[in-house]
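Positions are given from 1 along the sequence.
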Amino acid sequence: MDWLRLISNKRLGQEYRHPLRHDDRSEFKRDYDRLIFSAPFRRMQNKTQVFPLPGSIFVHNRLTHSLEVASVGMSLGNDVAHALCQRHPHLQGTLFEEIGTIVSAACLAHDMGNPPFGHSGEKAIQTFFSEGKGQPLQHQTSEAFWNDVTHFEGNANAFRLLTHQFKGRRPGGFVLTYSMLASIVKYPFASSLAGEHGKFGFFSTEQAYYERIADELGLLRLSGEGQPLRCARHPLVYLVEAADDICYEIMDIEDAHKLRLLSYDETRQLLSGFFDEKTQKQMAERIVEEGVTDNNEKVNYMRARVIGLLEYECAKAFIEHEEEILCGTFQGSLIKHISERARDAYDVCKKVSKRKIYNSKPVLDVELSGYKIMETLMSHMVEAVLTPDRFYSQQLIGRVSSQYDIDAPDLETRLMAVIDYISGMTDIYALDVYQKIMGVALPIV
């Protein structure tokens, strides 16, 4: 793959206007601004990241997480651009120098397709079709559709959200640049190749869009003629993934400390493990010198140092493995290729997080409740589109925004409209609709 071809500011849905653009403002900065000001981006402030939405202690939600990932992504992209422009002088003065902005915009968008209640929401949509009330629909739908919904994936849903022409919208969805859209597709293959992990990059309804983008950018096609589509990742996907890996793991540790799931000593030990003894001593001395006595502030300082280290390590790994990345032979994530000390410390954090955070009572309670709410919404809404002439069905369908093609004559289109509607809800709105459906909340009470 070639950098000069991989970085394109051509816009999906407005290809005909590409030769006419002469705006001094970067097209990639326009992507960033368009996402920041969008309704789906704002809705992430009421979508669970890991912990329950905050009471008196403000932990991360999808919105704050995405903003932090975008910040780290900007640094990663800028550092890589600077180093590779020195290695390849012909890239200087080209769009390649703007990859920090591309990565940052992609980071803003990477979680926009996630449904309410995090991964339990994804699972509820999948299992409604694979083992729930939607199972009989397999015989009424295509194999491609069935693979899509039984492996429902937030990453693929983000690509749909950004590219699909919903009713009343313009062609190309958000009309974003090709390079930015390619940079969010973490699993660049069809749902029939999702396998046991259930990961894929685009629904069958948006495959043609992805193929157009992949062909324009020169992404390596790994599938043969007649096989399900599979491509090599766009190289910038690795930087988006690294920014996400850095933020979710380290920020979850900080949140767990605030919620007292981890003691200060446990948190200090986890974060200081990324550094050698000399650096640990210097960090401790600086905390004393600056008169910091609040444990939360101490954790903030250590967290910042860890994120800085991991950003440096991941940028270095990308630069060192540039050739493999461009050849499509690079294996694993950038985190897997950082220095041994940092990688070991990161793995320890992952193990502790799984044991003490992701299996903690507050997190499990959200997953249990969220799963039931999503299951109920799916059950009632799908029944409504299967029997649209019933009075109750019409009441439910009447709640759905006009942008979703809920009245389409085609069954698969109606079912996808249900998924679009429910996956776009915030946690709070999903709970509100659930309570009204179940008759446990009335607007007048």
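The side-chain heavy atoms of Leu176 and Leu12, taken from C-beta on, include no pair separated by under 4.5 Å. Residues Arg30 and Arg11 meet the side-chain proximity criterion, which asks for heavy atoms closer than 4.5 Å. Contact annotation: the side chain of Glu98 never approaches that of Ile7 to less than 4.5 Å [non-hydrogen atoms, C-beta and beyond]. Proximity of Gln403 to Arg169: side-chain heavy atoms (C-beta onward) are separated by under 4.5 Å at one or more points.
Residue Ser66 comes nearest to Arg62 through the heavy atom pair OG-O, 2.8 Å, listed as atom of the first residue, atom of the second, then distance. Heavy-atom minimum distance, Val382 versus Phe128: CG2-CE2, 3.7 Å.
Around atom CZ of Phe166, more than 12 heavy atoms belonging to other residues, nucleotides or ligands sit under 6.0 Å away. Atom CZ of Arg230 has 12 or fewer neighbouring heavy atoms from other residues, nucleotides or ligands inside a 6.0 Å radius. The number of heavy atoms from other shown groups lying within 6.0 Å of NZ (Lys372) does not exceed 12. Other residues, nucleotides and ligands contribute at most 12 non-hydrogen atoms within 6.0 Å of the CD atom of Glu143. For Lys123, the NZ atom is loosely surrounded, since the number of other residues' heavy atoms within 6.0 Å does not exceed 12. Remark: Arg5 CZ is packed, more than 12 non-hydrogen atoms of other residues, nucleotides or ligands lying under 6.0 Å away.
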Open item on the list: Determine whether Arg221 and Glu211 satisfy the following criterion, salt bridge (charged side-chain N to carboxylate O under 4.0 Å, His left out), listing intermediate values before the conclusion.
Closed with: CA-CA 10 Å; Arg221 186 167 293 207; Glu211 286 190 80; 3.4 Å; yes
TODO: Test Glu313 against Arg343 for salt bridge (charged side-chain N to carboxylate O under 4.0 Å, His left out), laying out the working first.
DONE: CA-CA 10 Å; Glu313 291 273 1; Arg343 188 176 65 250; over 6 Å; no
Task: Derivation and outcome, side chain to side chain contact (heavy atoms under 4.5 Å, CB included), residues Thr426 and Gln45 - done: CA-CA 8 Å; Thr426 65; Gln45 68 183 310; over 6 Å; no
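Using a 3.5 Å distance cut-off with no hydrogens or angles, the side chains of Ser8 and Glu216 do not pair a donor with an acceptor. Under 3.5 Å, the side chains of Glu122 and His119 contain a donor-acceptor pair of N or O atoms. With 3.5 Å as the limit, one finds a donor-acceptor pair spanning the side chains of Thr177 and Asp31.
Between Trp3 and Phe318, the ring-plane angle classifies as tilted under the 30° and 60° cut-offs.
Between Tyr238 and Phe330, the distance separating the two ring centers is shorter than 6.0 angstrom.
Distance OG/Ser183 to CZ/Phe28: 9.0 Å, rounded to 0.5 Å. In this structure, CE on Met112 lies 10.5 Å from CG on Asn157, to the nearest 0.5 angstrom. Here Arg355 contributes atom CZ and Leu261 contributes atom CG; the two are 12.5 Å apart, rounded to the nearest 0.5 Å. For the atom pair CE (Met251) and NE2 (His65), the distance works out to 10.5 Å, reported to the nearest 0.5 Å. The CZ atom of Phe203 sits 6.5 Å away from atom CD1 of Ile419, with the distance rounded to the nearest 0.5 Å. Atom CD1 of Ile335 sits about 9.0 Å away from atom CG of Asp347, to the nearest 0.5 Å.
Under the 4.0 Å criterion applied to side-chain N and carboxylate O atoms, Asp79 and Lys316 are not assigned as salt-bridge partners. The residues Arg233 and Glu241 are annotated as salt-bridged, a charged nitrogen and a carboxylate oxygen being separated by less than 4.0 angstrom.
With sequence neighbours left out, Tyr32 forms a ring pair (Phe, Tyr, Trp, His ring centres under 6.0 Å) with no residue at all. Taking Tyr178 as the reference, nothing meets the ring pair (Phe, Tyr, Trp, His ring centres under 6.0 Å) condition, with sequence neighbours excluded.
Under the 6.0 Å distance and 45° angle rule, Arg305 does not count as a cation-pi partner of Phe274.
No donor-acceptor pair under 3.5 Å is formed between the side chain of Arg160 and the backbone N or O of Phe202. Distance alone, capped at 3.5 Å, places no donor-acceptor pair between the Glu324 side chain and the Thr329 backbone. A donor-acceptor pair under 3.5 Å is formed between the side chain of His151 and the backbone N or O of Asn147.
Of the residues Val240, Leu108, Leu35, Leu236, the one that meets the side chain to side chain contact (heavy atoms under 4.5 Å, CB included) test with Met180 is Leu35.
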